[in-house]
Amino acid sequence: MCWTPRARSTVLHITVAATKTSAPTFICLTRGENLVFLAGSTFSTDLPLGAGGADPTHNGLFDAFLVQINLGSFPVSVSKGSYIGGSDFDYAESIDGDAYGRVYVVGKTSSSNFPVTPGAFQTSLQGSEDAFVYLAGGPSPFATYLGGSSYDIAFSVVTYQYGTTHDSVAIFVAGRTESSNFPTTTGSIQTSFGGGTSDGFVARFAPDGTRSFSTYLGGSGQDYATEVDTDELGSLYVAGSTTSTNFPVVNAFQPANAGNSDAFVARLSSTGNQILASSYLGGSGGDYAYSVAVDGSGAAYLAGGTASADFPLLGPADRSFAGGLEAFVAKADMVSASTSLQYSTFLGGSAVDQAYDIVVAPASGIVTVGGETSSSNFPLLDNFGTSSTAPDAFISKIVAYPVHVNLTGSLAIGGKRGIQSAGPANRPSISTDGTRVAFHTTAADIATMDGVTDNNGAGDVFVRNWIYDHTFLVSKSTTGGVGNARSNFAQLTPDGSRVVFQSLASNLVNNDTNGRVDIFVRHLGTSTTTRVSTSSAGEQSNGNSRFAQITPDGKYVVFQSEANNLVPGDTNNSWDVFRKDLTTSRSEERRVGKECEVP
């Protein structure tokens, strides 16, 4: 599980179903416009990309892809479904959007015929693999290579609105390069390759594809820039890792590499010509920063993994280095005249733990961290779940006090309290305030508040309430037991009041006799379940339904269905997208087909 919330968008990690293997998919939900953007990579030639996209045809061995779905239109619009790639391997690594409906995807490509736009900054593949930057939407989409004669990859992209027009958006990209001739700009922070295996890089583009600057960021060892974020003034915050003893530190709270690989954090000017502050962070083992977030004061929050028993701790919630690789969380003041580490803590048990993403509430400074754990003794304040044979997702909430930090909530989605789960847990969905998490699992030993015995031998959907230390079964039968078939793919509304999910069970509502996978909404306040995938007259669906999403206000549910009896005149014998209004006494569905507006 991975999510990367931004001030402008929320990014989650899912897997797209297809006939062949697909890499993890990133979803960008742009606020205020009900636009859902999906980007990922796939071997599949039959992804449901919709119509009207730039490239509906799979091009090579492994293509990136981008899909846009508009939940706010009536009928629902599916548009700009497109493969992104050439005849070789193409991978999407990160996605972000701006306030004008434009979406930016970055990654890497080894295709010499990657679909760059005419007049692009770099029109040809320079090495074995180049980074790429791809813009969809707006009046002038663009795509460009970004790299030198060796290996280059873009790990992260973030946008920053610095003015009031659609042109006043900066697109910042961070990644790794092994190229000694990576295209840097005159006057940038570091115009020459630092040496060693690789350097980090940071670049800025305009919405028209113009490159504003690009710079190396590294020393004589191996350097990675894994994520970039911005503060309210547009300064860049870059996190990564380095083995270099001469990484360019400025006003550092840790001026020297403590051994092996250290994490680093750097604050750069928005024009790429100055390091405002930068520092190592680590001990004598390997230390890696995977994610960075910035609060309203300009403090940087880091999440990562460490193999250092002597990792620099300050007011830790967890001071015990119990395993070979611990997650860590740290906060650093990168704005004051003298930078400082504000707090840092381990987060883990006796096995492997990694923190991959972090988000901070701007006003309160409360931090939510997500990652993976294989530790059976991961520090769970709720005593809920633990790891089994495979890594479990975890979500932890951390609050800072004047001299220390407290782990105020921690959830590893697994089994009974203090006992290893019997199966993996998947696809967590969290409420905006961080108090409720929905997930599905095949484990039969989840401890629930209502004491339901899980004996169906199938996947079930649950919600965990951190505040009241309760877990509830969502996919509950009309008699209060478990569903009689699998339920999965749950999504919470932001306020945590409703859960939408799909299920093959026939006992969640009365008179379910169609033997199909249906879409359901569970209202947690009233403890009621509604079947959504029915016709306006209440007729059961005659086909399977899947991929449900619910709008933040809980009014609409959109889903995909192969049924042909949900609306009149459905004769295309294809999977279609439908929307149901949950607030009207008469249900309404609309099929997305020929009538949808596609650019």
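Residue numbers start at 1 and run along the sequence shown.
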### Query
With distance as the sole criterion, is a donor-acceptor pair present between the side chains of Ser156 and Glu93 under 3.5 Å?
no

### Distance in Å, Phe132 CZ paired with Lys108 NZ, rounded so as to fall on 0.5 Å steps
11.0 Å

#### Entry: Ring geometry between Tyr356 and Tyr290 (parallel below 30°, tilted from 30 to 60°, perpendicular above 60°)
tilted

#### Entry: Gly40 to Ala92 - nearest heavy-atom pair and separation
O-CB, 3.5 Å

#### Entry: For Thr226, side-chain contact (heavy atoms from CB on, under 4.5 Å) partners two or more places apart
Tyr224

### Query
How long is the gap from CD1 on Ile398 to CG on Asp318, to the nearest 0.5 Å?
9.5 Å

## Note on the structure
Distance col, row Arg267:CZ vs Gln274:CD, nearest 0.5 angstrom, shows 9.0 Å

### Message
The criterion is side-chain hydrogen bond (donor to acceptor under 3.5 Å, both in side chains); which residues satisfy it with Asn273, sequence neighbours excluded?
### Response
Ser269, Thr271

### Message
With a 4.5 Å cut-off on side-chain heavy atoms, are Ser94 and Glu227 touching?
### Response
no

### Query
So, for Phe172 and Tyr160, is the gap between ring centers shorter than 6.0 Å?
no

### Message
side-chain hydrogen bond (donor to acceptor under 3.5 Å, both in side chains) for Ser340 and Gln342? Distances and angles first, verdict last.
### Response
CA-CA 6 Å; Ser340 61; Gln342 301 289 291; 2.6 Å; yes

### Query
Hey, what do you get for OG1 (Thr159) to CD1 (Ile95), rounding to the nearest 0.5 Å?
11.0 Å

### Query
Can a cation-pi geometry be assigned to Lys331 and Tyr343, taking NZ or CZ under 6.0 Å from the six-membered ring centre and within 45° of the ring axis?
no

### Task
Would you mind reporting whether Asp310 and Phe321 have side-chain heavy atoms less than 4.5 Å apart?
no

#### Entry: Thr177 and Asp152 side chains, donor-acceptor separation under 3.5 Å
yes

### Message
Regarding Ser279 and Gln254, do their side chains bring together a donor and an acceptor under 3.5 Å, going by distance alone?
### Response
no

### Message
Measuring from atom CD1 of Ile153 to atom CG of Leu146, what distance do you get when rounded to the nearest 0.5 angstrom?
### Response
12.0 Å

### Query
Ignoring hydrogens and geometry, is there a side-chain-to-backbone donor-acceptor pair from Ser429 to Ala490 under 3.5 Å?
no

### Task
Test Val157 against Ile171 for side chain to side chain contact (heavy atoms under 4.5 Å, CB included), laying out the working first.
CA-CA 7 Å; Val157 61; Ile171 303 104; 3.6 Å; yes

#### Entry: Exercise: do Tyr104 and Asp98 side chains pair donor with acceptor under 3.5 Å
yes

### Query
Between Arg102 and Val169, is a side chain to side chain contact (heavy atoms under 4.5 Å, CB included) present by the stated rule, with each step listed?
CA-CA 10 Å; Arg102 296 174 297 207; Val169 176; 3.5 Å; yes

### Message
Distance check, rounded to the nearest 0.5 Å: Ile189 atom CD1 versus Leu268 atom CG?
### Response
4.0 Å

### Message
Looking only at side-chain N and O atoms, does Ser487 offer a donor or acceptor that is under 3.5 Å from a partner on Asp460?
### Response
no

### Chi angles and distances behind the side chain to side chain contact (heavy atoms under 4.5 Å, CB included) call for Leu276, Met334
CA-CA 8 Å; Leu276 303 175; Met334 302 298 291; over 6 Å; no

### Task
Using the ring of Tyr162 (Phe, Tyr or Trp, six-membered ring only), decide whether Arg204 places NZ or CZ under 6.0 Å from its centre and within 45 degrees of its axis.
yes

### Task
Begin with the C-alpha distance, continue with both residues' side-chain angles, and end with the deciding distance and a verdict on side chain to side chain contact (heavy atoms under 4.5 Å, CB included) for Val369 and Val367.
CA-CA 6 Å; Val369 183; Val367 170; 3.6 Å; yes

### Atom of Gly194, atom of Asp199 and distance for their closest heavy-atom approach
N-OD2, 2.6 Å

### Pairs where residues 228-282 contributes a residue and the test ring-ring contact (aromatic ring centres under 6.0 Å, His included) is met, not counting sequence neighbours
Phe247-Phe264

